Amino acid sequence: METITPLVIPRSAHPISRSMVSPNALRVLYRLRDQGFIAYLVGGCVRDLLLGREPKDFDVVTDATPGQLKRLFRNCRLVGRRFRLAHIHFQDELIEVATFRALQAEDDAAEKAEAGEKSSPSSDAEPAPRSPRHLKSDEGMVLRDNVFGNPREDALRRDFTVNALFYNIADFSLIDYAGGMADLEAGVIRTIGDPLVRFTEDPVRMLRAVRFAAMLGLDVEQDTWQAILDLAPTINRATPPRLFEEMLKLFLLGEGEKSYQMLRRTGLFAPLFPRFNVWLDTETDGFPHTRVSQALDRVDALVQQGETVVPPLFLALMFGEYLEESAAAFRQGGTPPQEALNQAVAEWLGELAPTVLVPNRVGMQVRDILSSQQRFGKMPGKRPQSFLGRPGFPTALAYLRLQAEMGNGGQDIWSWWDRYSRENVVDRPSVDTATHEGAPPAGKRRRRRRRKPRTSAPAPR
Ligand code: ATP
Ligand code: MG
């Protein structure tokens with residue numbers, strides 16, 4: 001294998017100091033180093049520290065194998081079927097430690113033929129006894145990717161140059177195999193290697209490019225941008241559940257409006273939301289649909305103030321007008337209001353399912369937010385205590401407030417219900433599932449595992 005010497009930036013020539021690194025991540029790094037292993041910080045945390053931003057989480061790479069990590073750390077859980085990772089659990093933080101991974105083989109056609117040619121993404125389920133170490137589909141998408149490698153290979157298999165920098169705990173230097181330092185200084189997002197190949201291997205990287213450009217204020221490098229324009233229609237080769245997760249990251253991390261504009265400009269938006277996209281390009285009663293941008297601006301403002309906007313609230317804001325129009329059409333056909341809304345939501349979930357799979361539970365929360373808006377019109381109406389006690393009440397009220405703030409009416413109704421709910425405090429389940437469950441990926445530090453309640457008998461299947 002060719003050897004390429006990386007650029008090594010000594011501690012004196014870069015701004016990252018240990019005081020910027022989470023103490024738990026430092027503990028993990030020191031422990032590995034003291035046991036004779038290589039240990040680097042990598043990925044978003046190094047990039048963000050260099051940009052003067054606070055990292056969401058700290059990821060570590062090492063030459064220790066998952067088995068060695070398990071023996072080294074008591075608080076370690078191995079996760080991942082496709083590639084084993086170690087999760088080191090601390091009280092309020094999770095540090096992810098990966099073993100260096102190898103590059104995807106450039107030409108694995110021979111290996112594929114030997115394995116009997118698999119071409120659907122489901123083929124990464126369980127490795128066959130003589131499975132190839134890497135497997136790509138006929139279209140070049142990576143299906144399996146599970147061998148250990150060295151630091152250079154690990155760096156070069158990453159998506160963008162700015163995401164491939166290592167911070168070495170041995171001497172506090174930075175190690176740059178891919179030209180990430182120069183790109184960070186120039187403010188550009190560039191794939192490592194040929195963008196057409198890298199986006200074909202994993203189309204989600206196109207969404208990541210948009211997200212990093214929007215979030216970090218970077219420009220997408222010209223060839224990388226052109227490849228996105230060329231390959232945007234292939235985005236649907238990623239699975240619908242993964243695209244839902246990526247969508248949340250694009251829209252709920254503080255630069256959703258900018259991400260939305262870039263998605264529309266690159267042609268990534270249309271294949272993700274085909275019917276909604278057509279609707280956005282048409283007018284209703286001679287007015288263009290501008291509420292989406294407005295809603296995303298509002299969401300961005302909240303997130304930038306440190307508030308968490310939960311997925312159902314965001315989806316209700318983004319698709320509310322679209323769903324209301326669709327429900328109105330059902331009503332005109334004679335369907336009663338609640339049933340019309342149910343049908344509009346069901347149709348919407350069905351139309352998105354092949355591209356961006358909104359979990360049914362979340363879809364039902366969106367429906368509840370919108371149907372509560374009709375209920376708010378009655379002040380207080382019948383059995384107000386039971387309305388106040390519904391788990392989704394705070395989210396529905398937040399939706400009403402945001403609509404009022406966006407100039408869509410309802411200010412008086414919101415004020416009334418806001419006061420009424422303060423004066424009539426009810427016992428609501430302490431976790432408001434509509435506001436907290438499935439919260440956006442705010443980083444591993446805040447992620448906690450909830451135990452399922454024990455049941456005396458196993459649930460029927
Ligand atoms: P964020 O701030 O959103 O966490 P990040 O760069 O840390 O940004 P992660 O999704 O946490 O993104 O991934 C960590 C690292 O793993 C990335 O920096 C990148 O090096 C690598 N990586 C993640 N996803 C991919 C991918 N689809 N293809 C190649 N490399 C990836
Ligand atoms: Mg990260």
Side-chain angles (χ1 to χ4, degrees), residues 21-22 25 40-61 79-80 82-83 85 87 93-104 121 124 134 136 140-146 149 151-167 175-180 183-184 189-195 197-218 224 228 231 235 237-239 242-243 245-256 259 303 440-447:
V21 178
S22 117
Y40 301 152
L41 283 178
V42 65
C45 62
V46 180
R47 175 198 72 211
D48 289 351
L49 288 173
L50 287 169
L51 289 170
R53 301 171 63 98
E54 191 191 344
K56 273 204 320 218
D57 41 49
F58 289 87
D59 293 332
V60 171
V61 273
V79 298
R82 190 167 136 140
F83 186 84
L85 293 173
H87 277 177
E93 187 174 11
L94 178 63
I95 305 292
E96 193 170 281
V97 185
T99 308
F100 292 124
R101 286 163 81 164
L103 279 168
Q104 284 113 31
D124 74 336
H134 301 286
K136 285 186 186 179
M141 191 153 73
V142 174
L143 300 179
R144 185 185 302 136
D145 173 14
N146 59 359
R152 174 178 171 271
E153 290 175 317
D154 187 277
L156 298 185
R157 64 170 291 287
R158 291 172 184 275
D159 47 5
F160 303 106
T161 61
V162 297
N163 282 350
L165 293 161
F166 295 134
Y167 170 84
I175 305 175
D176 181 5
Y177 282 96
D183 281 344
L184 262 190
I189 287 284
R190 180 199 310 267
T191 53
I192 298 176
D194 183 344
V197 172
R198 303 309 309 280
F199 290 144
T200 302
E201 285 171 355
D202 181 3
V204 166
R205 289 174 185 153
M206 295 189 278
L207 298 180
R208 291 172 58 85
V210 168
R211 173 156 64 90
F212 294 131
M215 286 283 301
L216 308 172
L218 305 177
T224 303
I228 296 178
L231 294 177
I235 189 63
R237 285 172 42 217
T239 65
R242 186 168 176 217
L243 289 174
E245 291 302 320
E246 285 304 319
M247 178 194 67
L248 295 185
K249 291 185 195 167
L250 276 157
F251 291 125
L252 290 180
L253 293 177
E255 292 292 351
S259 300
V303 174
K444 289 167 209 139
R445 216 177 308 183
R446 266 153 285 171
R447 213 186 288 157

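Hydrogens, waters and symmetry mates are skipped; everything else that's a heavy atom, side chains included, is used. Quick caveat: nothing in here was measured; it's all calculated off a predicted structure. We're numbering straight along the sequence, starting at 1. Whatever order the structure lists them in is the order used to number ligands and atoms, beginning at 1.
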Suppose I only count heavy atoms of [X] and a 4.0 Å limit; which atoms of ligand 1 are within that range?
{"X": "G43", "result": "18 (O)"}
{"X": "G44", "result": "5 (P), 6 (O), 7 (O), 18 (O)"}
{"X": "R211", "result": "3 (O)"}
{"X": "R242", "result": "27 (N)"}
{"X": "K56", "result": "1 (P), 2 (O), 3 (O), 4 (O)"}
{"X": "R205", "result": "26 (C), 27 (N), 28 (N), 29 (C)"}

What's the shortest heavy-atom distance between [X] and [Y], and which atoms?
{"X": "A213", "Y": "I189", "answer": "N-CG1, 4.3 Å"}
{"X": "I192", "Y": "T161", "answer": "CG1-N, 3.6 Å"}
{"X": "A178", "Y": "L156", "answer": "CB-CD2, 4.2 Å"}
{"X": "H87", "Y": "L94", "answer": "CB-CD1, 3.5 Å"}
{"X": "R205", "Y": "R198", "answer": "NH1-O, 2.8 Å"}

Output field: ring centroids Y167/F58 closer than 6.0 Å: no
Does [X] have a non-hydrogen atom less than 4.0 Å from ligand 1?
{"X": "V204", "result": "no"}
{"X": "K249", "result": "no"}
{"X": "R157", "result": "yes"}
{"X": "F160", "result": "no"}
{"X": "M215", "result": "no"}

What's the verdict on salt bridge (Lys or Arg N to Asp or Glu O under 4.0 Å) for E245 and R242, showing C-alpha distance, side-chain angles and the deciding distance? CA-CA 5 Å; E245 291 302 320; R242 186 168 176 217; over 6 Å; no
If hydrogens are left out, which of D48, D59, V46 has an atom nearest to atom 14 (C) of ligand 1, that is, the closest non-hydrogen atom? D59
N163 contact mode with ligand 1 (heavy-atom cut-off under 4.0 Å): both
Heavy-atom side-chain proximity of V60 to L41 below 4.5 angstrom: yes
Polar proximity ligand 1 side, R198 side, N/O cut 3.5 Å exclusive: no
What verdict does the salt bridge (Lys or Arg N to Asp or Glu O under 4.0 Å) test give for D183 and R190, after you've listed the backbone C-alpha separation in whole Å, the side-chain angles of each residue and the deciding distance to 0.1 Å? CA-CA 8 Å; D183 281 344; R190 180 199 310 267; 2.9 Å; yes
